[in-house]
Amino acid sequence: MKLKTMTMEWTGDSLILIDQRRLPFEEVYVTCADYRAVALAIKEMVVRGAPAIGASAAFGYVLGAKELIKKSYNYEQVFSQMKNVKEVLARTRPTAVNLFWALERMEKRLISHGKFEGLVKVLEEEAMKIAKEDIEVNKAIGRNGAQLLKDGDTVLTHCNAGALATVDYGTALGVLRAAKEQGKRIKVFADETRPYLQGARLTAWELMKDGFDVTLISDNMAGWVMKQGKVNAVIVGADRIAANGDVANKIGTYMVAVLAKKHGIPFYVAAPTSTLDLSIKSGAEIPIEERSHEEVVTCGGRRVAPNNVNVYNPAFDVTEHELVTAIITEKGIVYPPYEENLKKLFEE
């Protein structure tokens, strides 16, 4: 079975990922031949974005099974050792719930198959389902969200929630793509998204490749651009959404949401239902990953801060549900009250 998108390629024996650390200057690919390499690629942000992380982990799980099948004699041995494979992959990024969702789904398939014979094949089929479903889900999110945009609108987005953050098409950028496919003229302001510059390096690159009219701004320009009346809507992605509608997303999202509220601009979150974590009541329970201090004190590999300065580098923040106008999912657009209406998505 084969899969090839902008973000990843599954060959059957390895997972090939575009190295998002090298964009936009170089299109370099990293080949992961075992689950440890996949785990490292996720941890070091070769691949990033909640849906893309989930799909990558699923293929990493397959690679783990392939390795263990060669060393084991029965299903019980494989099953026991696959717990370690799952744990290694799960430790990579604590905030993105899609990672754990995908690994749980793969483990359930392992258990339901229940035998040594044909195990790798059924796990590969499940990983392919996760990947292909992600593309269809993103397109459905796009179609649902596009109805919120009018011809001529300008949208501000933060971080990268596009094809690079998913298997393909994107969530927040999928809404923009769908609107464009409907013939709407959509302009975009892309926040640079310090400290890792996903907006500058990835979103601007991706939208330019698709022919969008995109303008890059630094994060601290968002409020002024809004005050000037240049923004009609804000659309962002999400890494985890709590039962009450609180949203964990890339650091800086909360600031953008507050500014949008101040200026009366709708703030939309585009995410698949796999990003919903109804097991937690609010964003206060979402674990927030803190990344290397080097990301803050350097830019483009060059140090921009004094030696030994104190640094705080949370990778995500939490936007309270009161600041979210609507959550766009593949099953429809969800409006407040979120605690009630998000549950309904799983009752259908």
Side-chain angles (χ1 to χ4, degrees), residues 1-5 7-17 31-43 47 50-138 166-168 240 272-280 287 330-331 343 345-348:
M1 285 176 276
K2 310 289 184 181
L3 172 79
K4 187 171 185 179
T5 68
T7 307
M8 64 184 66
E9 179 180 358
W10 172 249
T11 68
D13 295 310
S14 62
L15 179 66
I16 302 172
L17 300 165
T31 299
C32 302
D34 58 49
Y35 74 93
R36 300 171 197 84
V38 174
L40 187 64
I42 295 171
K43 186 175 180 62
V47 62
I53 288 171
S56 297
F59 286 117
Y61 195 86
V62 177
L63 290 172
K66 286 173 73 74
E67 180 179 321
L68 291 173
I69 284 284
K70 295 176 182 177
K71 300 177 180 178
S72 305
Y73 299 100
N74 56 52
Y75 172 80
E76 286 71 25
Q77 285 183 320
V78 174
F79 178 75
S80 176
Q81 294 177 75
M82 283 300 289
K83 292 178 181 178
N84 179 63
V85 172
K86 180 185 176 185
E87 184 180 340
V88 168
L89 291 164
R91 281 200 304 258
T92 54
R93 301 292 302 275
T95 303
V97 73
N98 299 66
L99 169 64
F100 308 101
W101 168 84
L103 289 173
E104 288 293 332
R105 182 166 161 177
M106 294 299 294
E107 186 175 65
K108 285 180 181 177
R109 191 68 187 94
L110 173 75
I111 294 169
S112 67
H113 185 66
K115 57 183 179 181
F116 194 77
E117 294 76 20
L119 182 59
V120 170
K121 181 181 178 182
V122 299
L123 290 177
E124 184 181 18
E125 287 173 350
E126 192 66 21
M128 286 292 289
K129 283 181 183 178
I130 289 173
K132 290 179 178 179
E133 285 171 13
D134 181 66
I135 299 171
E136 293 307 311
V137 162
N138 292 338
T166 62
V167 178
D168 201 15
R240 190 182 299 218
T273 52
S274 58
T275 301
L276 301 177
D277 186 356
L278 302 188
S279 70
I280 58 174
E330 74 274 18
K331 295 185 177 182
K343 285 181 183 177
L345 295 176
F346 297 93
E347 295 172 356
E348 298 172 2

Q.
Restricting to non-hydrogen atoms, name the atom on Asn138 and the atom on Asp168 that form the minimum distance, rounded to 0.1 Å.
A. ND2-O, 2.9 Å

Q. Which pair of heavy atoms, one from Ser274 and one from Val97, lies closest together, and at what distance?
A. O-CG1, 3.5 Å

**Q.** Val38 vs Phe59 side-chain heavy atoms within contact, under 4.5 Å
**A.** no

Q | For the student: nearest non-hydrogen atoms of Leu17 and Ser56, plus distance | A | CD2-OG, 3.8 Å

Q) In Å and rounded to the nearest 0.5 Å, what is the CG to CG distance from Leu15 to Asp34? A) 11.0 Å

Q | Selection residues 71-84 - residue pairs positive for salt bridge (charged side-chain N to carboxylate O under 4.0 Å, His left out), sequence neighbours left out | A | Glu67-Lys71

(Q) One pair to check against side-chain contact (heavy atoms from CB on, under 4.5 Å): Trp101 and Asp277. What are the steps and the verdict? (A) CA-CA 9 Å; Trp101 168 84; Asp277 186 356; over 6 Å; no

(Q) If you define the side chain from C-beta out and look only at heavy atoms, does anything of Pro51 sit under 4.5 Å from Val137? (A) no

Q. Can we say Glu9 and Lys2 salt-bridge, meaning some charged N sits less than 4.0 Å from an Asp/Glu carboxylate O?
A. no

Q. How many angstroms lie between CG in Leu40 and OG1 in Thr92, if you round to the nearest 0.5 Å?
A. 10.0 Å

Q. Are Glu104 and Lys108 close enough for a salt bridge, meaning some N to O gap below 4.0 Å?
A. no

Q: Verify side-chain contact (heavy atoms from CB on, under 4.5 Å) between Val167 and Leu3, making sure each step is shown before the conclusion.
A: CA-CA 10 Å; Val167 178; Leu3 172 79; 4.2 Å; yes

Donor-acceptor pairs are to be reported for all side-chain atoms of residues 115-128 against protein atoms at under 3.5 Å, with residues two or more places apart or in another chain.
residue	atom	partner	partner atom	Å
Glu124	OE2	Trp10	NE1	2.7
Glu126	OE2	Arg105	NE	2.7
Glu126	OE2	Arg105	NH2	3.4

Q: Begin with the C-alpha distance, continue with both residues' side-chain angles, and end with the deciding distance and a verdict on side-chain contact (heavy atoms from CB on, under 4.5 Å) for His113 and Arg109.
A: CA-CA 6 Å; His113 185 66; Arg109 191 68 187 94; 4.0 Å; yes

Q) Stepwise, does the side-chain contact (heavy atoms from CB on, under 4.5 Å) test hold for Lys66 with Ile69? A) CA-CA 5 Å; Lys66 286 173 73 74; Ile69 284 284; 5.9 Å; no

Q: Quick one: closest heavy-atom pair of Ser14 and Ala33, and the distance?
A: CB-CA, 4.2 Å

Q) Is the NZ or CZ atom of Lys331 positioned over Phe346's six-membered ring, under 6.0 angstrom from the centre and within 45° of the axis? A) yes

Q. Which distance, rounded to the nearest 0.5 Å, do you find between the CG of Leu89 and the CZ of Arg36?
A. 10.5 Å

Q) Which heavy-atom pair separates Ala52 from Val47 by the least distance, and what is that distance? A) CB-CG2, 3.8 Å

Q) Considering all heavy atoms of both residues, which atom of Ala41 and which atom of Cys32 are nearest to each other, and what is their separation? A) CB-SG, 4.1 Å

